[in-house]
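Below: one structure, written as structure tokens.
Protein chains get the first letters and strands the later ones, always in sequence-line order, with residue 1 at the start of each.
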Amino acid sequence: MSGATVGHAVRLGLRRGWTEFVQSVRSSQDQWFYLFTAALVVGYLWIRRDADTGTDLPFAAFALPSLLGGLIAFGVVIGPAYQLAMEREDGTLLRHRAIPGGIVGYVTGCLLVNTLSVLPQLLAVLVPSFLLFDGLMAEPSGWLTVAWVVLLSLLAMMPIGMVIGSLVPGVQKVGMWGMLPIMALAGISGIFYPIQQLWGWVQVVAQVFPMYWAGLGMRSAFLPDGAAAAEIGGSWRTWETVAVLGGWAVVGVLVTPVVLRRMSRRQTGSEVAAAREATMQWVK
Amino acid sequence: MTAAQPVVQVRDLRMAYGDNLVLDGVEFDIRAGEVLCLLGPNGAGKTTTIEILEGFRTRSEGEVSVLGEDPAQAGESWRARTGVVLQSWRDHPRWTPRRLLSLLGGYYAPYSTETVTRPWDLEELIDLVGLGEIADRRISTFSGGQRRRLDVAMGIVGRPELLFLDEPTAGFDPQARREFHEIVHRLADLDGTTILLTTHDLAEAEKLADRVVVLAGGRIVADDSADALARRVSGEAQVTWTRDGERFVHATAEPNDFVRALLAEEAAGAGEVLDLEVRRANLEDAYLALVNQHESGAAAAAAVEFAEVAR
């Protein structure tokens with residue numbers, strides 16, 4: 001493909017992603033999903049609003065940034081993983097394979113819609129939180145930090161979701177290969193309680209993955225500078241955050257196209273037909 | 001590419017999965033503007049063949065040329081000249097046909113030529129496949145028949161020179177099947193699109209195809225127009241009768257003469273002829289026998305037998 005035709009396919013992909021996003025926020029199914037996850041987060045903050053945090057901060061202010069980090073990680077990994085696995089099975093991807101430039105457009109659309117979907121997810125949590133609790137954002141300049149942390153987290157973690165979605169044998173297996181590891185990772189990444197409460201080696205493992213850094217970055221955005229004392233090394237470790245998230249992003253940019261290409265080459269009508277048969281046959 | 005060169009040329013095509021040989025020396029051509037049907041029982045290798053020609057599957061051996069290129073290596077501009085009709089299932093539920101066709105058609109725009117304007121004009125396309133009334137409805141609300149029409153529209157939106165349809169009417173009700181046949185006829189007439197379709201339904205092959213290639217056990221066992229195939233198979237008739245409690249069977253190309261002679265023998269006092277029956281084997285019988293044998297596991301024997309009958 002020449003540069004011009006790639007550009008053309010990318011533009012059509014952006015149009016696809018935007019259309020999918022508009023259709024998603026207009027669908028009651030997706031609206032319920034956003035509200036449901038938001039209700040879980042806000043409900044948790046509300047129920048534990050008087051809990052002792054060991055700092056001067058109220059519980060909601062203390063816990064919200066980490067939860068946002070976890071929520072973003074969850075959304076940008078599981079979202080694309082499910083989308084890819086599903087659209088491999090239902091033939092969406094195969095349709096694009098049969099079209100000139102289709103796969104480029106498809107992947108572009110997939111990236112855009114999953115990026116945009118973070119916005120309603122964040123809004124659904126932030127709006128009620130700011131109405132219910134005080135002192136969530138220490139400094140207004142923190143919003144700038146929120147922006148780059150979210151963006152870098154997307155770049156670091158969305159490729160992971162796409163790789164999972166490309167490699168799982170079927171939609172039914174996303175739970176096993178996507179959900180389960182993410183849940184386990186959330187448990188050790190300082191999302192629900194400070195990471196220092198865990199064994200040393202678990203802390204090391206957690207810090208290899210991007211979720212911990214997404215949470216840390218969010219805390220650095222929302223919390224006052226003094227709260228950094230409670231982190232590992234007594235600092236927000238901003239450079240380390242950029243380095244780890246950026247490193248995952250680079251790996252993602254290198255690995256994902258290879259995995260996607262291999263996966264799309266395997267797409268055939270008979271594979272889609274087999275997947276269709278398989279969904280009708282749950283017990284094997 | 002000269003006008004005389006076939007659109008599709010397949011020579012000694014072989015496909016093996018491990019030790020399992022699913023295509024064994026398949027050869028056929030498709031000429032420009034022809035509607036060719038690959039007919040065969042399930043598991044005969046039809047889908048594998050069409051997927052190799054679509055460029056979706058890599059063959060083990062043999063030569064394949066589609067629109068002058070090897071589909072395994074062909075690029076995006078080759079892709080733009082082909083169309084694949086896929087069976088939609090539950091994809092794009094939130095889209096409307098107009099939105100989806102406009103988007104998918106957009107990919108073909110850079111591949112317009114002086115002779116072929118790509119993509120198809122949206123309104124014209126929607127009319128052609130009969131989606132006018134529902135072009136702005138969500139696809140998730142569509143019936144099976146409506147989805148199929150959308151499938152066809154998605155397959156031809158780029159004005160393909162060669163269109164692939166794999167088992168296009170599998171799971172159709174009779175009404176949807178009929179509508180679908182009409183669309184295929186319209187396409188074939190319209191601008192001489194070359195069409196390759198697969199089916200396991202003989203009646204469908206007879207209705208749609210200029211030429212039928214019968215595939216069984218990974219080999220081609222017949223290749224001709226449906227009419228010619230029918231004539232060849234029905235070359236011999238079977239005469240059965242009983243006489244003196246004994247049953248007789250005789251195959252003959254001239255059943256009239258044979259029966260006349262038989263009754264003349266009776267008149268001459270050779271014993272009464274009872275249960276006289278003359279049956280001309282037809283294509284349907286021969287094909288059904290092929291399918292039955294194929295499904296009972298005797299694929300190779302079935303193929304040989306059918307090739308014998310249709311020779």
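- In terms of modelled atom types and a separation under 3.5 Å, the side chain of Thr108(A) and the main chain of Val10(A) share no donor-acceptor contact.
- Both the backbone and the side chain of Thr92(A) come within contact range of chain B, each with at least one heavy atom under 4.5 Å from a heavy atom of that chain.
- Top candidate by heavy-atom pairs under 4.5 Å with chain B, chosen from His8(A), Arg97(A), Arg265(A), is Arg97(A).
- Residues Leu67(A) and Tyr44(A) meet the side-chain proximity criterion, which asks for heavy atoms closer than 4.5 Å.
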Practice task
Determine, stepwise, if the pair Glu123(B) / Arg98(B) fulfils salt bridge (Lys or Arg N to Asp or Glu O under 4.0 Å).
Solution key: CA-CA 9 Å; Glu123(B) 299 309 315; Arg98(B) 195 185 302 278; 2.5 Å; yes

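- When the options Val152(B), Asp151(B), Leu150(B) are evaluated for a side-chain contact (heavy atoms from CB on, under 4.5 Å) with Val129(B), the one that passes is Val152(B).
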Exercise for the section: Kindly indicate, with the supporting measurements, whether the criterion side chain to side chain donor-acceptor pair (under 3.5 Å) is fulfilled by Thr37(A) and Gln121(A). Expected result: CA-CA 8 Å; Thr37(A) 47; Gln121(A) 180 76 87; 2.8 Å; yes

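- No other option in Gly155(B), Ala109(B), Ser102(B), Gly158(B) has as many heavy-atom pairs under 4.5 Å with chain A as Ser102(B).
- Highest contact tally toward chain B, considering only Arg11(A), Arg95(A), His96(A), is held by Arg95(A) [criterion: heavy-atom pairs under 4.5 Å].
- Both the backbone and the side chain of Trp95(B) come within less than 4.5 Å of a heavy atom of chain A.
- Both the backbone and the side chain of Gln23(A) have a heavy atom closer than 4.5 Å to some heavy atom of chain B.
- Side chain of Arg88(A) to backbone of Gly165(A): a donor-acceptor contact under 3.5 angstrom is found.
- Of all residues in residues 13-21 of chain A, those placing a non-hydrogen atom less than 4.5 angstrom from a non-hydrogen atom of chain B are Gly13(A), Arg15(A), Arg16(A), Thr19(A), Glu20(A).
- Residue contact with chain B, scored on non-hydrogen atoms closer than 4.5 Å, is absent for Arg26(A).
- No more than 12 heavy atoms of other residues, nucleotides or ligands shown are found within 6.0 angstrom of CE on Met86(A).
- For CZ of Phe36(A), the number of neighbouring non-hydrogen atoms (other residues, nucleotides, ligands) closer than 6.0 Å is 12 at most.
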Practice task
Test Arg186(B) against Glu179(B) for salt bridge (Lys or Arg N to Asp or Glu O under 4.0 Å), laying out the working first.
Solution key: CA-CA 11 Å; Arg186(B) 236 177 290 168; Glu179(B) 285 177 10; over 6 Å; no

